[in-house]
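Note that the structure is a prediction, hence the values are computed from the model and not measured. In this chain, residues are counted from 1 in sequence order.
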Amino acid sequence: MEQDVSSFYLELKEQLEEIPDPRRIKGRRYKLVPLLLLLILGFLRGRKNVKDVLESYAEDRDMLDFLGLKRVPAPGVYTNLFHKLDLESVNRALANAGLSLLWRPRHIAVDGKTTKGSLRDGLYLHVVNTATAQGIPLSQVVSEPAGGEIAAARRALEGLPLSGAVVTGDAMFAQRDLCRRISEKGGPGSSS
């Protein structure tokens, strides 16, 4: 398992380096890759939001040194970054890193969540995520309000290689159309 974690970290770092930094060069205090790695590693350790991640690493000198950070960035650094960052390139980097690890049996979990603190114009941001059984994120797609989870799940699974994979999710994802699409892409029960 330790080898899997280090392999994932190296692959993730390589993939994150491919993401274009949307910030102006003038005024950049932190490099993009360490900023993203700090959050991702914090989430993989069970932290629930940016504030929790930053608080948990505030005194973790070893982790900050490992990532090449002199201190924990202020929450505003992430707020500004997230307004400019291309979510599609982040999704692609996470998926490529997660898929680079060949775990058996291949298991892809699908789940929808409402993002805490995201209320805007009376609506919350709702996303559908896919991940490996080990919790490595593969994709994240914004769901339309009022029943858009099935369509979002279809989009989230679209770019993933499903051949031989077991795809699981809540009962709401047991829709004929979605299950048929998974089978067509090579999931269990398919003829390919």
Side-chain angles (χ1 to χ4, degrees), residues 8-60 63-99 109-132 135-160:
F8 173 70
Y9 172 79
L10 292 173
E11 181 64 29
L12 178 61
K13 186 176 179 196
E14 185 177 307
Q15 292 293 330
L16 292 176
E17 288 169 353
E18 298 298 317
I19 297 173
D21 192 334
R23 302 169 299 162
R24 293 179 305 152
I25 293 175
K26 185 178 180 181
R28 274 189 211 168
R29 183 170 290 176
Y30 304 97
K31 292 181 180 178
L32 180 63
V33 173
L35 284 176
L36 295 175
L37 282 172
L38 185 71
L39 278 188
I40 292 167
L41 294 173
F43 291 142
L44 288 174
R45 286 176 127 181
R47 302 300 180 246
K48 302 295 183 198
N49 55 50
V50 174
K51 182 182 174 196
D52 287 348
V53 171
L54 298 180
E55 286 175 357
S56 70
Y57 287 126
E59 303 300 323
D60 191 343
M63 180 59 81
L64 294 175
D65 289 343
F66 177 72
L67 294 174
L69 295 169
K70 293 182 181 182
R71 63 184 163 277
V72 171
V77 170
Y78 286 101
T79 302
N80 294 334
L81 177 62
F82 292 155
H83 282 291
K84 299 173 185 174
L85 195 60
D86 176 37
L87 182 60
E88 201 57 41
S89 60
V90 174
N91 279 339
R92 196 169 32 257
L94 292 174
N96 288 341
L99 291 171
V110 181
D111 193 22
K113 293 288 179 210
T114 300
T115 307
K116 183 178 177 182
S118 65
L119 183 64
R120 297 241 201 286
D121 301 324
L123 298 172
Y124 287 95
L125 176 65
H126 194 78
V127 294
V128 172
N129 303 294
T130 60
T132 66
I136 305 299
L138 298 175
S139 63
Q140 184 177 62
V141 174
V142 175
S143 171
E144 295 298 321
E149 271 195 57
I150 303 302
R154 192 177 304 113
R155 291 192 318 271
L157 290 167
E158 193 60 39
L160 302 178

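- For residues 75-86, the set of pairs meeting the side chain to side chain donor-acceptor pair (under 3.5 Å) definition, not counting sequence neighbours, comprises Asp86-Ser89.
- With rounding to the nearest 0.5 Å, the separation of CD in Glu55 from CG in Asn49 is 8.0 Å.
- The two atoms that bring Leu81 and Leu36 nearest to each other are CD2-CD2, 4.3 Å, heavy atoms only.
- Within the model, atoms NZ of Lys13 and CD of Glu11 stand 12.5 Å from one another, a figure rounded to the nearest 0.5 Å.
- The closest side-chain heavy-atom distance from Asp21 to Arg28 is below 4.5 Å.
- When each of Val50, Val33, Asp60, Leu54 is checked for a side-chain contact (heavy atoms from CB on, under 4.5 Å) with Leu38, only Leu54 meets the rule.
- Closest non-hydrogen pair, Leu35 versus Pro73, comes out as CD2-CG, 3.4 Å.
- Rounding to the nearest 0.5 angstrom, the gap separating the CG atom in Leu138 from the CZ atom in Arg92 is 14.5 Å.
- Residues Ala93 and Ile19 share a closest heavy-atom pair of CB-CD1, 3.9 Å.
- Put simply, the residue from Arg47, Lys51, Arg45 that forms a side chain to side chain donor-acceptor pair (under 3.5 Å) with Ser56 is Arg47.
- At least one donor-acceptor pair under 3.5 Å links the side chain of Asn91 to the backbone N or O of Gln140.
- Closest approach of Ala58 to Val72, counting heavy atoms only: CA-CG2, 3.4 Å.
- Val128 approaches Ala153 most closely through the heavy-atom pair CG1-CA, 3.8 Å.
- A pairwise comparison of heavy atoms in Leu64 and Tyr57 identifies CD1-O, 3.7 Å as the closest pair.
- Checked options Leu69, Leu67, Leu32; the residue passing with Leu37 is Leu67 (criterion: side-chain contact (heavy atoms from CB on, under 4.5 Å)).
- Within a 6.0 Å sphere centred on CZ of Arg29, heavy atoms belonging to other residues, nucleotides or ligands number 12 at most.
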